[in-house]
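Below: one structure, written as structure tokens.
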Protein chains: 2
Amino acid sequence: MSVGRPSNFDRDAAVETVMNKLWRDGYEASSVKALSEMLGITRSSFYNAFGTREALFEEALALYAAQSPDRPLADAASDVSVKTLFTEVFRAMCKARAEDPEGRGCLAVNSISELCNSHDELGPLLENAVSGNLKRIQSILQSGVENNELNQDMDVAATALAVQNLQIGLNVLSKIVRTEKDLLIIAETTLSALGLWAEPN
Amino acid sequence: MSVGRPSNFDRDAAVETVMNKLWRDGYEASSVKALSEMLGITRSSFYNAFGTREALFEEALALYAAQSPDRPLADAASDVSVKTLFTEVFRAMCKARAEDPEGRGCLAVNSISELCNSHDELGPLLENAVSGNLKRIQSILQSGVENNELNQDMDVAATALAVQNLQIGLNVLSKIVRTEKDLLIIAETTLSALGLWAEPN
DNA sequence: GTTATTTTATACATCTATGGACAAAACAGT
DNA sequence: ACTGTTTTGTCCATAGATGTATAAAATAAC
């Protein structure tokens, strides 16, 4: 154990707890007071352990990203089928969203909706996450075109935007459309139309 | 003028002011105190004039719906081209979202993201708005199939969900994608793929 | 001018929320 | 035991937020 008085709580577990609350209730609805009480610590310990609420948000978002259903898009090997990759990722997304008993959608998308163009620090952070996501989708599509898996005429930039839009829409709509079946219909209909669905109809 | 002491402010203008603040900052970030100060009235007058914050939210949302770019979907005549209708509505949406200097997206979608599955009264209200929207899209598509304008094989229910998802996604993404051109690319790419874009490519 | 009505103004009590200050507590190392 | 380090607990001052209660003000109707 390191030097100094030992901490009274599990920091990693705390970040996860906070992530789930931010996911459910949003950023502004999660005050330092509320978070501290939920963790069973004083605000004093909170500030000492996490610095600011913004900093903790960033930690929670990083944890979320590491376990998000679209994570395979981030570390995509170049040898798998592009259609299969998208199909599987959207399948996993629909399943995860439908299985969440609280219907919280996606922490990142929720935060974009709440904070972009209104929070000075976190807004730009989320914008960067979105443009990073777009670049990954685009480069996956590009590799599919180069592999001859996708149509040579595909407008990669346009299609990437459409796929990202599908992703964001699904994550919002999953708060209301609560069955995996209906979410899958959205994903399959749109991806099929874009020429990106792996299974034969 | 009616009986009693005359009001000190323009109620209709107040609802519009509140609508714009809710649009920009969201529901929870718009306290009765903040709204009252913004309107230049006391909280006393606020409660007297509007009842509760929830009630005022409903008024603001109704005002928003009446001037929203997707309003043509609500009062669609049955004799216009379905493709043209969707194309024009999405064109107008892209234009409106890009032109908003504050990048606020859509009040309804923002509120769905913030309040669905967390606010007891407004959550269900927004859910109903979404399902009403879906029904309108669906009935427009249905009329297009019956008019032989659209493919007879079209899965109307699935396509309606996909269109609604496009709509919701665009409204969120418009907070980050700030040019009308890029928003139009998303709309055109997706609607074209779904067989719902009016112009030849 | 009196009455009824409605809005406005002020006060109240209570709770939330923030962030810093400072001392006390609990450890590791020596 | 002593030192240095880190966490904890407590207090502080200030501001935001809510909803109600009560009185005062401003009008229309009569």
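These values consider heavy atoms only, across backbone and side chains, with no hydrogens, waters or symmetry-generated copies. We name chains A, B, ... by the order of the sequence lines, and we start the count at 1 in each one.
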Point to revise | For A/F46, ring-ring contact (aromatic ring centres under 6.0 Å, His included) partners two or more places apart | key: A/F50
**Study point:** Test salt bridge (charged side-chain N to carboxylate O under 4.0 Å, His left out) applied to A/R24 - qualifying residues, sequence neighbours left out
**Key:** A/E102
Exercise for review: Could you pull out all residues at least two apart from A/K21 that satisfy salt bridge (charged side-chain N to carboxylate O under 4.0 Å, His left out)?
Suggested key: A/D25
Practice item. Name all residues meeting the ring-ring contact (aromatic ring centres under 6.0 Å, His included) criterion together with A/F57; count only those two or more places apart in sequence or in a different chain, and write none if there are none. Key: A/Y27
Point to revise | Pairs flagged by salt bridge (Lys or Arg N to Asp or Glu O under 4.0 Å) wherever residues 35-52 of chain B is involved - sequence neighbours left out | key: B/K33-B/E37
Which atom pairs, one a donor and one an acceptor, fall under 3.5 Å between side chains of residues 13-20 of chain B and the rest of the protein, sequence neighbours left out?
unit_1 : atom_1 : unit_2 : atom_2 : d
B/T17  : OG1    : B/A13  : O      : 3.0
B/N20  : OD1    : B/R104 : NH1    : 2.9
B/N20  : ND2    : B/E16  : O      : 3.0

Exercise for review: Quick one: list whatever passes salt bridge (charged side-chain N to carboxylate O under 4.0 Å, His left out) with A/R71, sequence neighbours left out.
Suggested key: A/D75
Exercise for review: Name every residue in residues 18-45 of chain B that has at least one heavy atom under 4.0 Å from any atom of DNA chain C, in order of residue number, or write none if there are no such residues.
Suggested key: B/T42, B/S44, B/S45
Exercise for review: Strictly below 4.0 Å, heavy-atom distances to any atom of DNA chain C: list the hits from residues 48-63 of chain B, or just say none.
Suggested key: B/N48
Review point. If we fit an axis to the first five pairs and another to the last five of the helix from C/dG1-D/dC30 to C/dT30-D/dA1, what angle do they make, to the nearest 10°?
Key: 0°
Exercise for review: Apply salt bridge (charged side-chain N to carboxylate O under 4.0 Å, His left out) to A/E59 and list each qualifying residue two or more places apart in sequence or on a separate chain.
Suggested key: A/R11
Review point. With distance as the sole test, does A/N147 use its side chain to make a donor-acceptor pair with the main-chain N or O of A/E149 at under 3.5 Å?
Key: no
Revision key, fill the gap. Quick note, salt bridge (Lys or Arg N to Asp or Glu O under 4.0 Å) partners involving residues 122-132 of chain A, not counting sequence neighbours, are none
